[in-house]
Amino acid sequence: MTAAQVTAVVLNWCNEHDTKACVDSLERQDYPALTILLVDNGSPDGSGARLHARYPSAQFLQTGQNLGYAGGNNRGMRQALEGGADYVLVVNNDTVLERSCVRELVRAVRGEGGTGGEGVGAVGAKILRYDAPEKIWFGGGRFDRLRAIGRHTGENLPDASPAERETRDVTFLTGCCLLIPAESLRIIGVFRNDFFAYCEDVEFCLRVSSKGLKLLYATAARIQQRVPAVGALTSPMQIRFRDRNRRRIVRLHYGTLDAVLFFLWFYPSRVALMLRYGLQGELERARAVLKGMTET
């Protein structure tokens, strides 16, 4: 049987070192029908052109401007569909994939040894910390409806079962690694461009579920990601876009009661956080909280 065609979309923005490591790991995959699509998000440092020259066998797309995580990946996903991909793999450029990762994702989405098969919207991998690969960063996920955010299962816990091959249904998958069947992507649509970055994966997963499609976590598909150190402060950009986009998720997907419960939690907690940052002299983060509360 001919292997299904997978196109991996790797988005770069001024991060040549990490992107090279990611593409190198994709080139080492043991899956025979993998195409790499490098998307450069208008990097002003020239890294897009250098990566294009370094990987002549990879497809290349230059967006011409920074469209954010959502917009840049959307351009890549659309090109992958136009190119006839059976599956589109969205993978962060700060990740390194184990050699069997793509094969295991395809195995999971096809229902081989798990709960996949018909009606799968997306499959995600087990994500380990790059700085501590014995520890989990993402071991499946759940949607926290009260806080309108995705929660990681097993975050920072030891990877106690590195040989497991189970596929499980979940209610949230991180956008760091998503294998999406082309037919499902045409039904669901791509990320929302207006989210730019952060929580675009949460909104995407809600659309998957609203279409009656499954979200699967494939434990045998393993990658490592360069995530922030444990206890590191959240960046002002992440604070701003995360909270703004949570409010957008509520407007798009919540009924009246769930929206009221969210806002009863959201605004008091954000005011408290803004005051705490202000008292600590973290004025940029305090301003980011305010923007996240007020921007439409």
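Take Thr63 and apply the side chain to side chain donor-acceptor pair (under 3.5 Å) test, not counting sequence neighbours, and it matches Asn41. Scanning for side chain to side chain donor-acceptor pair (under 3.5 Å) contacts around Glu27 gives an empty result, with sequence neighbours left out.
Here the closest non-hydrogen pair linking Ile223 and Cys101 is CG2-SG, 3.4 Å. A pairwise comparison of heavy atoms in Ala122 and Leu173 identifies O-CD1, 3.6 Å as the closest pair. Nearest heavy atoms, Tyr69 versus Gly175: OH-O, 2.5 Å. For Thr7 against Ala85, the heavy-atom pair with the smallest separation is OG1-CB, 3.4 Å. Taking each heavy atom of Ser25 and Leu97 in turn, the nearest pair found is OG-N, 3.1 Å. Ala8 approaches Leu34 most closely through the heavy-atom pair CB-CD1, 4.0 Å.
Side-chain contact check for Asp159 versus Glu134: every heavy-atom pair is 4.5 Å or farther apart. A 4.5 Å side-chain heavy-atom check between Val202 and Asn245 finds every atom pair outside the cut-off. In this structure, the side chains of Ile239 and Arg242 come closer than 4.5 Å at one or more pairs of heavy atoms. Between Cys176 and Ile127 the shortest side-chain heavy-atom distance falls below 4.5 Å. Using a 4.5 Å cut-off on side-chain heavy atoms (C-beta onward), Asn12 and Ser47 make contact.
In Lys20, the NZ atom is crowded: over 12 heavy atoms of neighbouring residues, nucleotides or ligands sit closer than 6.0 Å. For CD of Glu183, the number of neighbouring non-hydrogen atoms (other residues, nucleotides, ligands) closer than 6.0 Å is 12 at most.
Remark: Gln79 CD to Phe60 CZ distance equals 10.5 Å, nearest 0.5 Å. To the nearest 0.5 Å, atom CG of residue Leu105 and atom OH of residue Tyr31 are 10.5 Å apart. If you take CZ on Arg168 and OH on Tyr217, they are separated by 5.5 Å, rounding to the nearest 0.5 Å. How far CG of Leu51 is from CD of Gln62: 10.5 Å, rounded to the nearest 0.5 Å. Distance check: Asn15 CG to Asn93 CG gives 5.0 Å after rounding to the nearest 0.5 Å. Once rounded to the nearest 0.5 Å, the distance linking CD of Glu203 with CG of Leu206 reads 6.5 Å.
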Candidate pair Thr35 and Gln5, rule side-chain hydrogen bond (donor to acceptor under 3.5 Å, both in side chains), full reasoning: CA-CA 8 Å; Thr35 299; Gln5 178 63 49; 2.7 Å; yes

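Between Arg54 and Glu16, no side-chain nitrogen of the basic residue sits less than 4.0 Å from a carboxylate oxygen of the acidic one, so the salt-bridge criterion is not met. Of the charged side-chain nitrogens involved, none lies within less than 4.0 Å of a carboxylate oxygen, so that Lys214 and Asp169 do not count as a salt-bridged pair. Ion pairing between a basic and an acidic side chain is recognised when a charged N comes within 4.0 Å of a carboxylate O; Glu82 and Arg78 show no such pairing.
Among Arg110, Arg165, Arg222, the one residue that satisfies the salt bridge (charged side-chain N to carboxylate O under 4.0 Å, His left out) test with Glu104 is Arg165.
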Using distance only, find each side-chain donor-acceptor pair of residues 285-293 under 3.5 Å and give its atom names and separation, not counting sequence neighbours.
{"unit_1": "Arg285", "atom_1": "NE", "unit_2": "Thr234", "atom_2": "O", "d": "2.7"}
{"unit_1": "Arg285", "atom_1": "NH1", "unit_2": "Glu282", "atom_2": "OE1", "d": "2.8"}
{"unit_1": "Arg285", "atom_1": "NH2", "unit_2": "Thr234", "atom_2": "O", "d": "3.4"}

Which donor-acceptor pairs under 3.5 Å do side chains of residues 185-193 form with protein atoms, sequence neighbours excluded?
{"unit_1": "Arg192", "atom_1": "NE", "unit_2": "Asp194", "atom_2": "OD1", "d": "3.1"}
{"unit_1": "Arg192", "atom_1": "NH2", "unit_2": "Asp194", "atom_2": "OD2", "d": "3.1"}
{"unit_1": "Asn193", "atom_1": "OD1", "unit_2": "Asn74", "atom_2": "ND2", "d": "2.8"}

Identify all side-chain donor-acceptor contacts of residues 259-269 below 3.5 Å with residues at least two apart in sequence or on another chain.
{"unit_1": "Ser269", "atom_1": "OG", "unit_2": "Trp265", "atom_2": "O", "d": "3.0"}
{"unit_1": "Ser269", "atom_1": "OG", "unit_2": "Phe266", "atom_2": "O", "d": "2.8"}

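Annotation: side-chain hydrogen bond (donor to acceptor under 3.5 Å, both in side chains) contacts involving residues 146-155, sequence neighbours excluded, comprise Asp144-Arg151.
A cation-pi geometry, defined here as NZ or CZ lying under 6.0 Å from the six-membered ring centre and within 45° of its normal, holds between Arg226 and Tyr130.
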